[in-house]
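Notes follow the structure.
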Amino acid sequence: MSNIKVFCRIRPLNQKETSLISYIIKEQTMQIGEQKFTFDRILDSNTTQQEVYDEIGKPIIDQILQGFNATLLMYGQTSSGKTYTMIGDQHQPGIIKRTINDLFDAIDSSPTECEFRIKISIVEVYKEKVKDLLDINKQDLKIREIANQGFYIQYVTQLWVSDKEEIYNALQKSLVNRQVGYTNLNDMSSRSHLLFQMTVTMNNEIEGTSYTGQLIMADLAGSENASKAGTTGIALQEGSFINRSLLTLSNVINGLSEKQQHVPFRESNLTKLLWNGLSKNSMTSLIITCSPCISNEPETLSTLRFGVRAKMIKTQPKVNKEVTIKELEILNNKLMKDLEERNYIIDQLKKDDNKVKIIKLEEQMLQLRKENQLLKEQNSQYITELDMRSLDYQEMQTNFKNSLLESDRLQQYNLNFQKQIEQLQQNKEIEIHDLNSQIENLKQQLQSKDEMIQQLSKHLAVFQKSQSQNAQLQLHEHYAEKLQNQNIADLLKEIDELKKKTFDDKNEIKQLSKVNESQILVFTKQINNQESEISNLQDQVKNYQLQLMKNNDELLNLMQSNKKLQKDLENRVMKVTELQEQYDYLLDQFNKLKNQLNYEEVGVYEENQKLHQQMQEINKKYLQEESLRRSNQLTSSQTLQAKLSRIQQLEQENYQLKLDIQNSQILSSQNNNNESVIVSQFKSANKGSMISKIVKKQQNQIDLQ
């Protein structure tokens, strides 16, 4: 299975557009505001048609010639550059023409034993009707479905071509017949979905193989906003059909990306025709085209989200290979040759002696024992490696626990420090509040003392005035009384006394003023002292504030260090999880190897048992044959000994008869009878001598054996 490849192309601004969307491109990621979109490749506005083809279209050639199905889709809003990317113009051709050109170049450079057959069909989906662009008389073709195979267009024109010029002419004819129209956003807006289908069949005359690759290139009409496009009447109706089919396609993409049980392929003719490319046997690529104009930002974001969802879809591409009769014949001949070779090997093995088989079996057993020993060594190595890994894992677990404890300790320390800072802040705030209250009290006391001084000065002035007035009144009264009662001398004396009194009063007043001035100086000193205390308190407050700022900085540093420790802890947790996964994987591999080793040991044991049984059977057969041979030798030797004894006996009788013939004379009748007996005995004796030669030869053969 493979994911759909998604490419994003951003066109430049046109003459009607002025302001750009604020976006950032970093390698394979595009960021608009806080939203990020990741694709296989992002092609900015400076990318040329050739660069687009090299990145997207060129790999399709190898896929088609290898027998894979390929699908290329163009998706985006209206006037975003889909048709320009797919079709191009006279000076800058699009992906279709460049693909056709490179395909025929690859065919021309292919081996001479390869034969190619190419057919094309071009249709459009206009208002949910399938129209044949190679035959304008076929205006409403039906889409049929084959169970578990997909959809096909009934009675569609399939044009067999032999060179690229025929395809160019057919494509030009189809573009002339395609539905286009004028909108506010595009002077030549596509009002239908264009599907270009090309099937390439490659036959190898020598190998007898046949591969078929199918290419579908779909230039989808763009989604449009009726208010922006300014469409009315038929154009508005066309736009509604386009948006409806694209909405169905979006629902299909959502269903496939979320792996829903029901995917609404059958709700639109467009999704029926794209069924194979989106969900089944195809290597699919999607190009989403975006407008950088800020007025099109909602449509651009919708297109980017569509691409992100499509990237989650997986297809199941496979090679479309057809088994031909010639390939079966070649395979049959190869199998026959393999069968003959195996039969020859079997015959040779049957002809081999039992001893050779035993030697081979012993060699096989030795080889199996060696392999068993190697497997045991590998098993021991795996066990040691697993033990080392387990020790490392345990060490990492202990480190992880220590790091967790250290993190807990730091967190506890951080909490305690925060509590201390909070307590200090509260204490300092209380002290500052108390100092402020003391400063306010001192200020109030100073104000009250100032008021008292002012009141005293006022009372003193009033007292002085009243004293002077009283003195004058008393003087006048006294003068009046003296004038009435006493003479002038008394008056003069009294005047002198009054002068003395006034002088004494002035001295008292001076003393009182000095006392008041000394009190005022004391008060001013007290005020200055209180002001210095207030300034000291203010300095202390500033120092406390600076200390609080330092504590806050230290707290921030501790928080940052805590974050770093948390990140380090998370990294360690990730490492531990990775090591756990590696450990699980190695444990799984070890169990598999252990099971495999057990299976192999069981197989080796069973094979050893079989070989042992075969050796026992062979030994039994050999012993049986040896016993039979020995028994035959014994029986033959016994019969030969009996025959030899009989021959010796006959020879003795013959010798005795010869002596009797020489020593006695018998009558003629008796002689005749005796001659007949002697002749018969002589014949039997000669026969016995011949038998003795054969027996000797057999005995020599037995001894040699």
Side-chain angles (χ1 to χ4, degrees), residues 53 57-72 86-87 93-124 130 132-135 138 141 143-144 146 149-175 194-218 273-277 280-285 315 317-331:
Y53 171 72
K58 206 163 190 177
I60 293 175
I61 306 299
D62 295 331
Q63 297 171 5
I64 297 300
L65 295 179
Q66 290 172 5
F68 288 100
N69 294 339
T71 304
L72 179 61
M86 185 68 80
I87 307 298
I95 294 176
I96 292 180
K97 291 186 178 180
R98 293 176 190 270
T99 303
I100 294 166
N101 189 24
D102 285 356
L103 175 64
F104 277 92
D105 289 342
I107 290 171
D108 292 337
S109 62
S110 62
T112 55
E113 64 268 15
C114 293
E115 179 187 6
F116 294 86
R117 291 180 294 168
I118 301 173
K119 64 179 179 179
I120 63 170
S121 62
I122 307 173
V123 299
E124 70 171 353
V130 180
D132 194 338
L133 295 178
L134 296 177
D135 187 357
K138 299 177 181 179
L141 297 175
I143 299 175
R144 304 299 182 188
I146 301 175
Q149 294 185 13
F151 300 90
Y152 72 97
I153 305 173
Q154 191 178 19
Y155 305 127
V156 68
T157 302
Q158 294 185 345
L159 181 64
W160 293 92
V161 295
S162 58
D163 58 11
K164 55 187 174 185
E165 295 298 330
E166 293 183 17
I167 301 178
Y168 291 159
N169 294 331
L171 183 62
Q172 188 63 34
K173 178 182 176 182
S174 301
L175 294 175
L194 175 69
L195 276 80
F196 173 84
Q197 180 174 332
M198 179 169 60
T199 305
V200 180
T201 303
M202 182 185 71
N203 297 323
N204 192 314
E205 296 295 331
I206 295 176
E207 297 177 356
T209 56
S210 177
Y211 295 93
T212 301
Q214 188 181 74
L215 172 63
I216 297 176
M217 292 187 176
L273 297 177
L274 297 177
W275 176 81
N276 191 50
K280 294 295 180 183
N281 176 21
S282 179
M283 290 185 173
T284 305
S285 299
T315 58
K318 61 182 179 179
V319 177
N320 302 313
K321 183 180 179 182
E322 182 181 356
V323 181
T324 61
I325 297 172
K326 190 169 184 179
E327 186 179 3
L328 290 174
E329 290 176 353
I330 293 169
L331 184 62

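Across Ile95 and Gly57, no two heavy atoms sit closer than the pair CG2-CA, 4.3 Å. Nearest heavy atom pair, residue Thr99 against residue Tyr53, reads OG1-CE1, 3.4 Å. Residues Ala106 and Ile61 come closest through the heavy atom pair CB-CG2, 4.2 Å. Here the closest heavy-atom approach between residue Ser121 and residue Leu134 is recorded as CA-CD1, 4.2 Å. Nearest heavy-atom pair, Lys97 versus Tyr168, reported as atom, atom and distance to 0.1 Å: O-OH, 3.4 Å. Pro93 and Arg98 get closest at one heavy-atom pair: O-NE, 2.9 Å.
Atom CD1 of Ile143 sits about 11.0 Å away from atom OH of Tyr152, to the nearest 0.5 Å. The OG atom of Ser162 sits 7.5 Å away from atom CZ of Phe104, with the distance rounded to the nearest 0.5 Å. Between the OG1 atom in Thr157 and the NZ atom in Lys119 there is a gap of 12.0 Å [rounded to 0.5 Å]. How far CD1 of Ile64 is from CE of Met202: 12.0 Å, rounded to the nearest 0.5 Å. Here CD1 of Ile60 is found 4.5 Å from CE of Met217. Values are rounded to the nearest 0.5 Å. Arg144 CZ to Leu141 CG: the interatomic distance, rounded to the nearest 0.5 Å, is 10.5 Å.
Contact annotation: the side chain of Met198 approaches that of Ile167 to within less than 4.5 Å [non-hydrogen atoms, C-beta and beyond]. Contact of the Tyr211 side chain with the Gln66 side chain is not registered, since no non-hydrogen atoms from C-beta on lie closer than 4.5 Å. Proximity of Asn203 to Arg117: side-chain heavy atoms (C-beta onward) are separated by under 4.5 Å at one or more points. Contact check for Gln197 versus Leu195: no side-chain heavy atoms found under the 4.5 Å cut-off. The side-chain heavy atoms of Lys164 and Asp105, taken from C-beta on, include a pair separated by under 4.5 Å. Proximity of Leu103 to Leu65: side-chain heavy atoms (C-beta onward) are separated by under 4.5 Å at one or more points.
Asn169 contributes no side-chain N or O that, together with a main-chain N or O of Gln172, makes up a donor-acceptor pair within less than 3.5 Å. No donor-acceptor pair under 3.5 Å is formed between the side chain of Asn320 and the backbone N or O of Gly213. Checked by atom type and distance alone, the side chain of Asn69 pairs as donor or acceptor with a backbone atom of Gln214 at under 3.5 Å. Side-chain N or O atoms of Asn204 include none that pairs as donor or acceptor with a backbone N or O of Thr209 at under 3.5 Å. Under the 3.5 Å distance criterion, the side-chain polar atoms of Asp132 are left unmatched by any main-chain donor or acceptor of Lys138.
In the model, Thr71 has a side-chain atom that pairs as donor or acceptor with a side-chain atom of Ser282 under 3.5 Å.
Take Lys58 and apply the salt bridge (charged side-chain N to carboxylate O under 4.0 Å, His left out) test, not counting sequence neighbours, and it matches no residue.
A side-chain contact (heavy atoms from CB on, under 4.5 Å) with Phe196 is found for exactly one of Val123, Ile100, Leu133, Leu72, namely Ile100.
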### Message
Pair Ile153, Leu273 - check side chain to side chain contact (heavy atoms under 4.5 Å, CB included), show working.
### Response
CA-CA 8 Å; Ile153 305 173; Leu273 297 177; 3.6 Å; yes
